[in-house]
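Hydrogens, waters and symmetry mates are skipped; everything else that's a heavy atom, side chains included, is used.
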Amino acid sequence: MLLYFIEDKKLFVDNGGELNFLLEGDNLASLKLLEKTHRGKIDVIYIDPPYNTGNKDFIYDDDFVDNEDSFRHSKWLSFMKPRLVIAKKLLSDSSAIFISIDDNEQSHLKVLCDEIFGERNYIGNIIIKSNLRGSMSDAELANLHEYLLVYAKKIDSVNILGQELSDDMIDEYKLEDEHGRYRLLGLRMRGGFWKRSERPNLYFPIYVNPKNCSISIEKKENYSDSVLPIQPSTMEDGTWRWSKEKIEKEAKYLIAKKIKRGEETVWDIYQKDYFEKEGERKTKTRSIWDKKELNYQNGTIEIKNIFGDSKVFNYSKPVQLIQEVVKIMGLSSSPTILDFFAGSGTTGHAVLKLNAEDGGHRKFILCTNNENNICRDITYQRLKNRNHRKAQGQVKIFRRSPRKPKIF
């Protein structure tokens with residue numbers, strides 16, 4: 001018998017703003033519905049699946065899987081694979097999926113995601129400092145971290161904007177000219193493929209006007225001093241970070257500067273990296289996230305603030321974690337964020353909160369079952385709680401039914 005989803009109109013949250021959806025039922029059934037309605041339309045997926053710790057956190061074929069089960073990992077992978085296969089179909093070409101996980105299944109999940117999303121679309125495995133003191137439940141090590149595994153739908157199309165600058169990073173912009181505050185970045189390649197033999201096209205002289213420190217890629221009148229990208233400690237031929245074409249186009253952002261190198265005073269070339277750029281200034285996303293706001297204890301505090309009791313839901317992720325995920329992505333003006341292991345509804349909370357802070361038009365779709373009344377008593381209640389009144393957002397809840405509904 002086919003199962004459908006119908007709207008429960010009694011549980012409608014109407015705070016104006018964007019229309020969001022909460023799907024109640026097995027998430028595989030929810031994903032199959034979304035495959036018909038939202039294929040290629042999801043901008044970000046964040047999920048926090050069961051970690052398969054062996055401590056009654058993962059059910060397979062109606063039974064908890066414990067540490068003694070010799071098929072423990074294969075059962076978990078069999079459970080995850082069909083869900084991730086559909087998830088890939090839902091993602092737009094410029095989107096990505098973020099998966100929270102710990103050491104119990106991290107290595108197995110990486111292999112599975114390589115198979116489904118392709119090794120080439122692997123973005124990274126972010127380490128989250130989730131416990132400032134370290135977990136004392138592990139016998140040998142005090143575990144401080146979990147992981148956030150990240151894959152693109154298409155690596156050439158994904159747009160990762162990066163993270164906001166810290167106060168220390170902002171303090172680096174100490175210099176100023178008529179265009180604003182800036183810092184100096186050496187133009188010589190410092191890491192990666194820095195050797196001339198690896199990228200010979202990026203080894204060439206840059207000519208300096210010693211009177212005003214401007215530069216040119218051609219030797220001409222007033223541009224008499226030449227600079228080559230030489231690795232100073234070994235004197236090997238290196239490379240520039242920019243090609244001749246880019247230097248010619250953006251020479252106004254480059255400046256020569258005399259520096260002391262051993263007993264010599266020599267020229268070196270620097271990029272003026274301005275603080276004020278088009279759009280919000282970002283830094284490349286780091287592979288370790290250690291902000292105190294990402295401590296998972298904050299998730300427990302948030303649940304307590306909403307429900308008055310932290311025990312109504314265990315191990316809720318902090319809102320700040322999902323906010324970080326959403327903010328580093330270069331999204332459309334009205335993106336859709338999907339979480340098909342919605343749990344207590346942290347992802348929905350994070351989207352509403354971000355919209356309240358910056359006037360955004362983000363939308364969410366959450367999928368969760370109603371085991372122990374979690375969907376009705378926790379997820380739904382969290383989304384309608386008065387703590388969110390400043391954040392506009394309508395929420396419709398759909399539940400599984402044998403009766404064919406109108407497709408939203």
For Lys260, I'd like to know if atom NZ has over 12 heavy atoms of other residues, nucleotides or ligands within 6.0 Å.
yes
Is it true that the side chains of Ser316 and Thr346 contain a donor and an acceptor less than 3.5 Å apart?
yes
Has Phe12 got more than 12 heavy atoms of other residues, nucleotides or ligands less than 6.0 Å from its CZ?
yes
Any side-chain donor near an acceptor of the partner, Tyr315 and Asp57, under 3.5 Å
no
Using distance alone, with no hydrogens and no angle criterion, decide if Ser157 and Ser94 have a side-chain donor and acceptor under 3.5 Å apart.
no
Scan side-chain atoms only and decide if Arg72 and Asn104 contain a donor-acceptor pair under the 3.5 Å cut-off.
yes
Can Lys153 be said to sit on top of Phe117's aromatic six-ring, NZ or CZ under 6.0 Å from centre and within 45° of the ring axis?
no
Pair Thr234, Glu236: side-chain N/O donor-acceptor within cut-off below 3.5 Å:
yes
Pair Tyr207, Tyr223 - check ring pair (Phe, Tyr, Trp, His ring centres under 6.0 Å), show working.
CA-CA 5 Å; Tyr207 298 96; Tyr223 290 88; 8.5 Å; no
Ring-face cation contact, Tyr182 with Lys272, 6.0 Å cut, 45° max:
yes
Just to verify, which of Arg241, Arg183, Arg181, Lys174 counts as forming a salt bridge (charged side-chain N to carboxylate O under 4.0 Å, His left out) with Asp273?
Arg183
In Lys32, Arg399, Arg83, the residue satisfying salt bridge (charged side-chain N to carboxylate O under 4.0 Å, His left out) with Asp26 is Arg83
Can you tell me if Glu24 and Tyr380 form a side-chain donor-acceptor pair at under 3.5 Å?
no
Test item: side-chain donor near acceptor, Asp177 and Tyr274, under 3.5 Å
yes
Any side-chain donor-acceptor pair under 3.5 Å between Thr347 and Asp339?
yes
Short side-chain donor-acceptor distance under 3.5 Å, Arg199 and Thr239
no
